[in-house]
Structure formats: C-alpha cells, structure tokens
Amino acid sequence: MLRPRIIPVLLIKGSSLVKTIRFKKYSYIGDPCNTVRIFNELEVDEISILDIDASQKNKNPQYDLIKDIASEAFMPLSYGGGINSLEKAKEIFKLGIEKVILNTAALKNPNLISEVANVFGSQAVTVSIDVKKSFFGKEYKVYSTSGRKRTKVDLISWAKTCEELGAGEILLTCIDHEGLMK
C-alpha cells in the first residue's frame with residue numbers, strides 16, 4: 001500500500017511567507033525559516049517553496065533567503081521562482097535545494113527543462129502547471145506568470161511535452177481552488 005507523501009507548498013512574496021486565495025489576496029502568515037523549523041518537527045516528506053513575485057516582476061531568485069531556508073530544513077526542498085536559465089538552476093542546487101520548479105520560464109523556453117534534466121537528472125526537475133477553468137467551464141486553460149497570463153497551450157499536450165523533455169514531476173495547481181482548502 002502506498003503511503004501518501006506530505007509536501008507543503010510555501011509561498012514567498014518578498015522575504016515573507018504568504019497565503020493566497022485563487023492567486024490573489026495575499027495574507028502575511030510568517031517567517032519562512034521559522035515555518036520550515038515547524039515542518040521539521042512535523043516530519044513532512046518534502047517542502048516546495050515558490051517565489052510568487054520572481055517571474056511576475058522578472059526578478060532573480062533570492063539566493064540569500066533560499067540559503068537561509070535550506071540551512072534550516074531537514075527534509076528535501078524544491079524551489080521555484082525566477083529560474084530562467086541553467087546557470088540560475090545551478091546556483092539554486094549549490095544552496096542545498098534538491099529540485100527546481102519551472103513554470104513561466106519553461107513555457108517561454110521548453111528546452112530549459114531538458115537542459116536542467118540533462119545536467120541534474122529528471123528527478124531534479126518539476127514543472128509547475130497552473131490552470132483555470134475557461135469562462136464556460138468546459139476546459140482548463142494554462143496560465144503563466146503567477147496566474148496573470150493565459151496561454152494558448154493545451155494542458156494535456158503541455159504535460160506530455162514536459163514529461164518528454166525530462167520533467168520528473170508535474171505540480172498541477174487549479175487557480176479556481178487554490179488556497180480554499182477544498
């Protein structure tokens with residue numbers, strides 16, 4: 001019997017930990033390093049950290065903050081936000097992160113998935129896919145830039161392409177339900 005894995009997703013905005021509802025309405029909830037210490041005690045299986053400002057504002061990853069978070073963690077960490085090149089992914093891995101999470105950069109340059117997977121292995125690459133139901137609710141549309149930009153990418157085709165390019169995992173988030181605990 002498979003045991004479910006517990007993987008909290010922590011959202012970073014600036015240097016703060018925030019909670020969002022449907023990718024909007026940011027609420028401050030604390031310090032990311034302190035939260036990682038709490039999850040150490042709870043013995044979660046992994047933690048995913050997403051900088052929700054980085055791609056939207058075309059910012060680099062916050063390397064100092066990532067290093068501080070990684071120094072507190074006793075479980076595997078994955079990080080996403082502002083990683084738009086192999087060089088930035090290398091810097092993230094040097095800080096003690098086990099997986100990078102790509103979204104906006106992968107949509108702009110799908111070969112980035114292969115570049116990172118060829119160097120670090122597929123197990124080290126997660127592609128995040130944010131989706132929202134279409135206006136008439138018949139199909140899901142793929143969004144980028146923290147849910148701000150709708151793409152013309154087909155969800156199923158994109159997921160298959162990510163796998164073919166070397167993504168080891170896909171983090172699928174439904175914008176319509178995000179933050180609602182449903």
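Any value given below was found using the heavy atoms of this structure, including those in side chains, with hydrogens, waters and symmetry copies removed.
The minimum heavy-atom distance between L77 and A70, with the atom names listed, is CD1-CA, 3.5 Å. Taking each heavy atom of S55 and G82 in turn, the nearest pair found is OG-N, 3.7 Å. For V44 against I6, the heavy-atom pair with the smallest separation is CB-O, 3.8 Å. Residue V18 comes nearest to Y26 through the heavy atom pair CG2-CD2, 4.4 Å, listed as atom of the first residue, atom of the second, then distance. Closest of all the heavy-atom pairs between P4 and D45 is O-OD2, 4.0 Å. The heavy-atom pair separating A105 from L112 by the smallest distance is CB-CD2, 3.8 Å.
Judged purely by distance below 3.5 Å, without hydrogens or angles, the side chains of E72 and N40 never pair a donor atom with an acceptor atom. With 3.5 Å as the limit, one finds a donor-acceptor pair spanning the side chains of S78 and S48. Looking only at atom types and distance, the side chain of K88 has a donor-acceptor partner in the side chain of N60 under 3.5 Å away. Side chains of T20 and E178: a donor-acceptor N/O pair is present below 3.5 angstrom, by distance only. Side-chain contact, D130 with N103: a donor N or O sits under 3.5 Å from an acceptor N or O.
With hydrophobic clusters built from ILVMFWY side chains whose heavy atoms lie under 4.5 angstrom apart, I12 does not share a cluster with V9. I170 and I101 end up in different hydrophobic clusters when Ile, Leu, Val, Met, Phe, Trp and Tyr side chains are linked at under 4.5 Å. Residues I38 and L11 do not share a hydrophobic cluster, clusters being chains of Ile/Leu/Val/Met/Phe/Trp/Tyr side chains in contact below 4.5 Å. Cluster membership check: L95 does not share its hydrophobic cluster with L50, using side-chain heavy-atom separations under 4.5 Å among Ile, Leu, Val, Met, Phe, Trp and Tyr. With hydrophobic clusters built from ILVMFWY side chains whose heavy atoms lie under 4.5 angstrom apart, L171 shares a cluster with I52.
The CG atom of L107 sits 9.5 Å away from atom OG of S128, with the distance rounded to the nearest 0.5 Å. Separating the CD atom in Q123 from the NZ atom in K99 is a distance of 8.5 Å, to the nearest 0.5 Å. Distance check: S16 OG to I29 CD1 gives 10.0 Å after rounding to the nearest 0.5 Å. One finds the OG1 atom of T104 at 11.5 Å from the CD1 atom of I83 (value rounded to the nearest 0.5 Å). Within the model, atoms CD1 of I97 and CD of E91 stand 12.5 Å from one another, a figure rounded to the nearest 0.5 Å. Interatomic distance, I113 CD1 to S122 OG, rounded to the nearest 0.5 Å: 10.0 Å.
Ion pair E87/K90 not flagged as a salt bridge, since none of the NZ, NE, NH1 or NH2 atoms sits closer than 4.0 Å to an Asp/Glu carboxylate oxygen.
Contact of the E139 side chain with the K133 side chain is not registered, since no non-hydrogen atoms from C-beta on lie closer than 4.5 Å. Under the 4.5 Å side-chain criterion, counting only non-hydrogen atoms from C-beta, L172 is in contact with L155. F39 is listed as a side-chain neighbour of L10, based on a closest heavy-atom distance under 4.5 Å. For the pair I49 and P32, the minimum side-chain heavy-atom distance is 4.5 Å or more. Using a 4.5 Å heavy-atom cutoff, the side chains of I21 and L180 are in contact. Using a 4.5 Å heavy-atom threshold, the side chains of D53 and K59 count as touching. The shortest side-chain heavy-atom distance between R150 and K141 falls under the 4.5 Å cut-off. Put simply, the side chain of V100 does not reach to within 4.5 Å of the side chain of T126, judged on heavy atoms.
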Side chain to side chain contact (heavy atoms under 4.5 Å, CB included) evaluation trace for L17 with D31: CA-CA 6 Å; L17 187 64; D31 171 62; over 6 Å; no

Decide salt bridge (Lys or Arg N to Asp or Glu O under 4.0 Å) for R5 and E46; before the verdict, give the C-alpha distance in whole Å, the side-chain angles of both, and the deciding distance to 0.1 Å. CA-CA 8 Å; R5 296 177 64 219; E46 182 178 331; 2.7 Å; yes

Mind running side chain to side chain contact (heavy atoms under 4.5 Å, CB included) on I47 and V36 for me, showing each step along the way? CA-CA 8 Å; I47 293 180; V36 168; 4.2 Å; yes

Before giving the answer on side chain to side chain contact (heavy atoms under 4.5 Å, CB included), spell out for T173 and V131 the whole-Å C-alpha distance, their side-chain angles and the decisive distance to 0.1 Å. CA-CA 6 Å; T173 304; V131 298; over 6 Å; no

Assess whether side chain to side chain contact (heavy atoms under 4.5 Å, CB included) is satisfied between K132 and Y140, documenting all intermediate values. CA-CA 5 Å; K132 189 174 184 179; Y140 285 95; 5.8 Å; no

In sequence, state the C-alpha distance, the side-chain angles, and the governing distance for E163 and K160, and then conclude on salt bridge (Lys or Arg N to Asp or Glu O under 4.0 Å). CA-CA 5 Å; E163 180 185 18; K160 288 178 181 179; over 6 Å; no

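Within a 6.0 Å sphere centred on NZ of K19, heavy atoms belonging to other residues, nucleotides or ligands number more than 12. N58 CG: 12 or fewer foreign heavy atoms inside a 6.0 Å radius. Environment of CG in D64: sparse, with no more than 12 heavy atoms of neighbouring residues, nucleotides or ligands closer than 6.0 Å.
Checking side-chain atoms of Y79 against main-chain N and O of G81 turns up a donor-acceptor pair under 3.5 Å. Under a 3.5 Å cut-off, the side chain of S157 and the backbone N or O of D154 do not form any donor-acceptor pair.
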